[in-house]
Amino acid sequence: MTSPVEKARLEHQKLGADIAAHDQRYYQDDAPTITDADYDALRRRYEALEAEFPELRTADSASLRVGAAPAAKFGKIKHAVPMLSLSNVFSDEDVAEFVARIRRFLGLDAAAELTFTAEPKIDGLSCALRYENGQLVSAATRGDGFEGEDVTANVRTIGEIPHQLTGAHLPAICEVRGEIYMSHADFAALNARQSAAGEKLFANPRNAAAGSLRQLDPAITAARPLKFFAYAWGELEPRPAQSQFDMVQWFAKCGLPVNPLMQRCTNEAQMLAVFRAIEAIRASLGYDIDGVVYKIDDLTLQERLGFVSRSPRWATAHKFPAERARTRLLDIEIQVGRTGVLTPVAKLAPVNVGGVVVSNATLHNEDEIRRKDIRIGDMVEVQRAGDVIPQITGSVAAERPSDSQPFVFPHICPACGSAATREIDDKGNADVAYRCTGGLICPAQAIERLRHFASRLAFDIEGLGDKQLELFYTKGLIRNPADIFTLEARDAASLTKIKNFEGFGDLSVKNLFAAIEARRSISLNRFIYALGIRHIGEVNAKRLARHFGSFEALRSTAKAAFAAESEGRKELISIEGIGPIVAEALVEFIHEPHNEAVLDALLAQLHLEPMEVASTASPVAGKTVVFTGALERMSRDEAKAMAERLGAKTSGSVSKKTDLVVAGPGAGSKLTQAQTLGIKVISEDEWLDMVGGNG
DNA sequence: AACCCTCGAGGTCA
DNA sequence: CTCGAGGGTT
């Protein structure tokens, strides 16, 4: 006689298999064999069993929730290995420079052979698929490169993506990366369906793919013909192959679709030949591509080359030239940015450029307008730089209206009426940009600053976007960042409640307040970034946070740094990446009386946490390392990059602050200096052992 | 020359 | 959200 649990287990198993089969027929074959009601009944029974016997829940049962009620929004998935983007090149010379830089970095001479792969760059969305023991467990978009959106349920509906990898001896964890895209034929068919159903049409296959993947209801994604090519990986141990090319071949063996056009090249001429060949067949491929990607084939070399900021040194994208079109320049509008910069934006008669309708384009600044001799009323040439950003390349002299006048750049801010000037620097050079001098009284700047404050890399407050901020600003509810954190209390005491505003309801207000509450604790680096100080972006904010450790320390140093020659100023400038100009901007910001008041108000509302921790706890993290003498196994640049990747700082000279000296043959004064100061000296080999670079 | 900062555009979905 | 240009900083 079987126990109730056993009985339940059997039934649960059978139901699971049935539901999976129905999902397959419904989502992927688009040919369900039972009614929705019957299907729902199966699912309810399945979930009831799990509720009664929680031990029945498996990793698999989650996968059967595809058709369940759509989640309110996507969850987040942290990428175990960051998903970065590629640098771009546009000309043959750029390709030569790309190859030359790699040779330099690796310390190779021109004769040494270097193998690359070349493959079409698919114009879609990158996606990371995580397989555990061969089973698809999650899928994430790229997001900001560190954290993406959880689109697992949607990705499971893509027929080309296997739920289970084929083959024996699969790595326990295998994170495959590639591109989700839509073919031309499928795109045309989808738009025909949309049109027949009276729905709006998609502008191009890329947007159709993006829109389809971001559907909250996987059933809609399932009805969209998405495809996939695998071309990269994240966490994957052990490596089944030693080269880029072989890795992709291995993906194919596992049952993943890979692009058939990838090939190996051993010199620049071959790379360019592949580029031209792919360009020639671009139109007949049946899917959009926007260039060719070159990667160093040897994975060991890839590791040695590493990364510069957000892209690998060992790969680049060779982009096709942009498409162009002509249209009329109707007007030039002036926008005011967060820092008060006045930016001219061209208002264009809408024109189709390579698949999207363009009606605006930035003109950057006064000089740019003069250089290109662009006037209102002109017929202008428009292209999309990198197939994305609309750009005016020039005007057509023959079609200029006879009465046209050169554009006169305004000298007052259109938002607040204050004077706008081009600052003159020490050397007497005028800034390219006009800046509104209205500062704090300028509403345009205030709103832009608030927008920056609430933006994703800063406080990341959901429900407090452009629209809401603008509304709250005009209503006088939020005039500076500190107001955000008193909003709820003031709203409670107020008679005109936010929930009565147009576009708001009980729920959205509740969510907004919750989102604000959740950000009362914030990391120091985000806080510094959020202040929107000129020249202090994401990276410099982290540097400051790391150096000072607390906001009070930063603030008191900045205060002590008021005089140009002061100790405080010296300390600021000693921080890597911070120079006189950045220091000046920081000091000025901290000293400004209004900013002081806002900072005090803000700090009273917040709990600052230490900086978000860098990933690896390596033995050299936080240490200052000096390389001296000849290095035999790697170039100087490479050694420095390696040290920095592990969280160490590098320096060119030995001082009291140096923690470690790596000395090669021929080391001279620096070695002596290290010995005098009693600083630890190791050989290149010992260094590699220490940081795990030996085997 | 490498890297960083700022700003802008367009599109989709909620 | 994604991308790129342009200019400033180091």
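Every chain is numbered from 1 and lettered A, B, ... according to where its sequence line falls, protein lines coming before strand lines.
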For A:R338 and for A:V357, find the nucleotide of DNA chain B with the closest heavy atom, then tell me which residue's nucleotide is more 5'.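 The residue closer to the strand's 5' end, by nearest nucleotide, is A:R338.
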Are a donor atom and an acceptor atom from the side chains of A:H318 and A:Y294 found within less than 3.5 Å of each other?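 Yes, A:Y294 and A:H318 have a side-chain donor paired with an acceptor closer than 3.5 Å.
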Secondary structure of DNA chain B per the Watson-Crick/G-U criterion (both distances under 3.5 Å; [ ] crossing, | other strand, . unpaired) is ||||||||||....
With sequence neighbours left out, what residues match A:N88 under side chain to side chain donor-acceptor pair (under 3.5 Å)?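 Once residues adjacent in sequence are excluded, A:N88 has no partner under the side chain to side chain donor-acceptor pair (under 3.5 Å) criterion.
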Residue list, side chain to side chain donor-acceptor pair (under 3.5 Å) with A:S418, at least two apart or on another chain: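 Expected list: none.
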Does [X] put a side-chain nitrogen or oxygen below 4.0 Å from OP1 or OP2 of [N]?
X: A:R422; N: C:dG7; value: no
X: A:N88; N: C:dG4; value: yes
X: A:Q391; N: C:dG4; value: no
X: A:Q335; N: B:dG8; value: yes
X: A:R451; N: B:dC7; value: no
X: A:T339; N: B:dC7; value: yes
X: A:R214; N: B:dA14; value: no
X: A:K319; N: C:dG4; value: yes
X: A:T362; N: B:dA9; value: no

Does anything in residues 350-359 of chain A form a side-chain hydrogen bond (donor to acceptor under 3.5 Å, both in side chains)? List the pairs, not counting sequence neighbours.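 Not a single pair qualifies under side-chain hydrogen bond (donor to acceptor under 3.5 Å, both in side chains).
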Under the rule for salt bridge (Lys or Arg N to Asp or Glu O under 4.0 Å), what residues qualify as partners of [X], not counting sequence neighbours?
X: A:K347; value: A:E333
X: A:R142; value: none
X: A:E381; value: A:R324, A:R326
X: A:E179; value: none

Identify, residue by residue, the members of residues 505-516 of chain A with a heavy atom below 4.0 Å from DNA chain C, and return them in order of residue number, or none.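 Per residue number, the list is empty: none.
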